[in-house]
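Let me begin by presenting the structure, written as structure tokens, before commenting on it.
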Amino acid sequence: MTATDSNAHGRRHLAAAIVMIAATWLIGLPWLAERPAVRSYLQWLEERKIDPSARYYTDLEAMDPILDKLDRRGRK
């Protein structure tokens, strides 16, 4: 295999990887978000004003009552 063949082979692999990522992002994930179980979970999060992309749930305002309850349990 020559260097040119190797470069072409590498480019094809890169292109295939990009197509797979794009298909997952643009087709697979939106399809998954429309499934009833996922849709109801996303709605549950939305009702409680929980940002699913938040890194730490303890930083969310909606977590304050939950954390208070856990603290009270721990003190008993």
Side-chain angles (χ1 to χ4, degrees):
M1 187 180 285
T2 66
T4 305
D5 291 340
S6 180
N7 285 341
H9 185 69
R11 282 192 209 111
R12 282 194 298 273
H13 278 201
L14 178 61
I18 291 170
V19 167
M20 290 302 295
I21 291 168
T24 300
W25 194 268
L26 299 172
I27 298 168
L29 292 177
W31 175 83
L32 185 62
E34 292 301 320
R35 304 288 51 93
V38 176
R39 168 60 71 204
S40 66
Y41 179 64
L42 292 174
Q43 186 175 7
W44 182 86
L45 290 173
E46 203 171 285
E47 288 168 358
R48 286 155 184 79
K49 295 182 173 66
I50 296 174
D51 179 3
S53 67
R55 185 172 178 124
Y56 299 105
Y57 283 103
T58 55
D59 293 340
L60 296 172
E61 197 174 299
M63 287 300 295
D64 290 339
I66 296 168
L67 293 172
D68 290 341
K69 183 178 178 181
L70 290 174
D71 284 343
R72 285 192 301 276
R73 269 194 209 165
R75 284 186 240 145
K76 286 183 181 181

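Fair warning: this is a prediction, and the values are worked out from it, not measured in the lab.
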Could you work out the complete set of other residues in the hydrophobic cluster of L14, with links drawn between I, L, V, M, F, W and Y side chains under 4.5 Å apart? I18

What residues form a side-chain contact (heavy atoms from CB on, under 4.5 Å) with K49, not counting sequence neighbours?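 Partners of K49 under the side-chain contact (heavy atoms from CB on, under 4.5 Å) test: none.
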
Mind listing the side-chain donor-acceptor pairs of residues 22-33 below 3.5 Å, one per line with the distance, residues two or more places apart or on another chain?
residue: T24; atom: OG1; partner: M20; partner atom: O; Å: 2.9

Once salt bridge (charged side-chain N to carboxylate O under 4.0 Å, His left out) is applied, what residue pairs with a partner in residues 11-36 remain, sequence neighbours excluded?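 Every salt bridge (charged side-chain N to carboxylate O under 4.0 Å, His left out) pair that includes a residue of residues 11-36, provided the two are not neighbours, is E34-R39.
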
Look at the rings of W44 and Y41 and say which category their plane angle falls in: under 30° parallel, 30 to 60° tilted, over 60° perpendicular. parallel

